[in-house]
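In what follows, a single structure is set out as structure tokens and then discussed.
Any value given below was found using the heavy atoms of this structure, including those in side chains, with hydrogens, waters and symmetry copies removed.
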Amino acid sequence: MKQVDSRPMQLSRRQLLLGGGVLAGSLALGASVTGCGGAAQAAGNDLRFWHLLSGGDGIKMQSMIDRANAAHPEFTVKPTVLAWGPPYYTKLAMASAGGRPPEVAIMHAARVPGYAPGGLLDAWDLGLLAEYGVRPEDFTARIWQKSQLDGKVFSIALDSHPFILLYNTEVAGKAGVLGANGQLTGISSPSQFLEVARELQRVTGKHGLSYGFLGDGAQMWRMFYTFYKQHGADMVLEPGKPAQVDRDVAIDCLEFIKSMLDDTIATKSGDGGTAIAEFAGQGSGMLFTGVWELPTMKAAGVPLDATTIPTLFGTPAAFADSHAFVLPHQAKTDETKRRDVYKFVASMLQGSLEWAEAGHIPAYQPVVRSKEYAALFPQAHYAHAADIINYDPQAWFTGSGSDFQKYFAENVQNVFLGRIKSAEGWDAFIARIDALLAKPNPV
Amino acid sequence: MPRLAAPQRRQPRTVPGISAPGNPVPHRSAPRRRLRENWQGWAFMAPFLAFFLMFLVWPMMSGAYMSLTGKSLTGANDTFIGLANYGEAFADPDMWRSLGNTLYFTLISTVPLVVVALALAALVNMGLPAQWLWRLSFFSPFLLASTVVSLFFAWMYNPELGLFNDILMKLGLPPVAWLNDPSVAMWAIVIATVWWTVGFNFLLYLAALQNIPQQHYEAASLDGAGGWRQFFSITLPQLGPTTVMIVILQVLASLKVFDQIYQMTGGGPGGTTRPVVQYIFEAGFTGYRLGYSAAISYIFFGLILLISLAQLFITRKRSA
């Protein structure tokens, strides 16, 4: 048996140095794995820009960034794209809470009330913004109002992206539901809308309307809130108090949506993908969707037009949110970079005609008033939506991609599927919101 | 075969050359001496210890303290509030519901993940031709990322375009709202999970099966035992320790379920598939309440500890 050498190990100076080097290396590696250290610091004239736009939107955004970079050699915007919804918003909140967020980021305007009061965002300096040609009067009233909180401006909207109605002009023409101007007009009541949908169904033989909602809280909420606001009803969510809502109107809206989902007008089992595939495949005549689906449908070759969602309940209204630029709060602000951010944002707003090609309505009105925009089809047909848009009710937990829309789905999907009564689903949703409002406000 | 000699145990405090006769040990207190003599050992352990302290001990302590505060993701309300978060969690129906969902998933996923793995391993072990192909087919799904599996199954479960409903309708059966029917959704996730992860247990079982001495089966067949008799009297008892290990690993893995549920149903429909890990994530990261989220984590930790101790107790009792 081999004898084990049991002498204590003698380390030479060289071995000690080598070992120390390895140890230091592994600690350095540990530090870089944790994401601390140099990586978070932007180099020289780099402006770090986080956004959540992918797919066609992402390509358009990159092209706009490239243009801004080319026009401003004094800075280079380096974008980081993160997944939409909780992954984006949690990372942005954590980066800001840690004091080393990007110089500029995109947020949905309706999410700002969950960030600004906690000190995660800095307010915009309107004087500096005006120096680069962006003034409050360049925005419509609703959008500008949404950018403010407690008298300060926390977000600068790039667009508004309402929930709209796309329709197949060929199917609609055959169904005889187009007006003299060749557009879908003259629908002003729920029964008229359902009748038009039935006419379209007779042409397609499948469905009249495509509406994807299964497993998608945002889609359910967009549709519901559009009709809720068309009733002229309000929804106020104040921490420490029960939700102030119009229960009768809410139940009426849920009943109406349910009546569309009868497997003839629209399928009961449609999710987002199914609805898009069905409309693109001309299996229906109408599609309830966000403006961002427009390029997909154009690419699919659907003979297409678009309109705001018809006013069925008296008050013109549409659910919407805005992609808006925000200044995440940094522990140490570099004044030169901050000034560059203003230049960048102004440049993006002024170049937002390109953004309109992706379907969004530019927030910067000089672009909307331009001849080039008027020539964009069918974008120009719903541009007036910016005057009737409604953002989520204000609370720290509402807005696009928030848990609020998820709680709505949890309680309302079964209503849409006919498994529970509208009142039951609505009351359960409100009970959940009340519980949230009763808890301490974490921002 | 000669028995291997038991390794000689070294005296921990004896270092030759220092404690040898004629070279008396200086009169020092034992702990200090030990530290001085073992410093090289500590130096070699240092990288691991640094990671262990940084990424396990410190976060655990910091999380425990956080659960006693009102800490928010925004950095607000970082005040000590004692056990208030725990009190709130115990009274929170959503926490209980998500805990219940986790236990339900664990229960209905562990059984097929053990039984199906055993059945597949037994089939392959019967000496089917092209064994490598079976082994590859049963194990390869395990190598896929959860996102891939979730997307793949979400499409197959699609009520309008999916493969499963297409098959059902061709058979003249009504379509099923796989991921949107509260009574079916969890089972749909279990089916996907079994397909995805059964390969690992299958491999463990197959290795154990191949370790059972062939002589046992030869002796049994000489005594007239049939295939089933051999399976129940030789195979199953011989697989006992492997089964215990698989069950323990599986229960712990299933309790931590999150990825595939988050991606396939997001916890829906109506919160019927939301596991407690997702509730912890929502409370802390999308609800901003880190303190509250930490409290639920520790409640869940306590539950896992209880289940693990119970398993340990049962298996010890059995092997005693």
Does any heavy atom of chain B fall under 4.5 Å from the side chain of [X], the backbone, both, or neither of them?
X: A/Leu120; answer: side chain
X: A/Lys91; answer: neither
X: A/Ser96; answer: neither
X: A/Leu417; answer: side chain

(request) Taking all heavy atoms of A/Glu410 and all of B/Gly271, pick out the closest pair and write down the distance. (result)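 In terms of heavy atoms, the two residues are closest at CG-N, 3.7 Å.
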(message) Can you give me the closest heavy-atom contact between A/Pro442 and B/Gly287, atom names plus distance?
(response)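 Distance-wise, the nearest heavy atoms are CG-O, 3.5 Å.
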Please report the interatomic distance [atom1]([X]) to [atom2]([Y]), rounded to the nearest 0.5 Å.
X: A/Tyr115; Y: B/Leu73; atom1: OH; atom2: CG; result: 7.5 Å
X: B/Glu88; Y: A/Lys439; atom1: CD; atom2: NZ; result: 5.0 Å
X: B/Tyr288; Y: A/Asn441; atom1: OH; atom2: CG; result: 10.0 Å

Side chain, backbone, both or neither: which part of [X] has a non-hydrogen atom closer than 4.5 Å to chain A?
X: B/Asp94; result: side chain
X: B/Thr286; result: both
X: B/Tyr262; result: side chain
X: B/Asn158; result: side chain

(message) Is it the case that over 12 heavy atoms from other parts of the model lie below 6.0 angstrom from the CE atom of B/Met169?
(response)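 Yes, because the 6.0 Å sphere around CE of B/Met169 holds more than 12 heavy atoms from other groups.
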Pick from [options] with the largest number of heavy-atom pairs that fall under 4.5 Å of chain B:
options: A/Thr274, A/Asp271, A/Asn414; answer: A/Thr274
options: A/Glu278, A/Gln413, A/Arg419, A/Lys268; answer: A/Arg419
options: A/Ala428, A/Gly273, A/Ser269; answer: A/Ser269

(request) State, yes or no, whether a side-chain contact exists between A/Pro86 and B/Phe281 at a heavy-atom distance under 4.5 Å. (result) yes
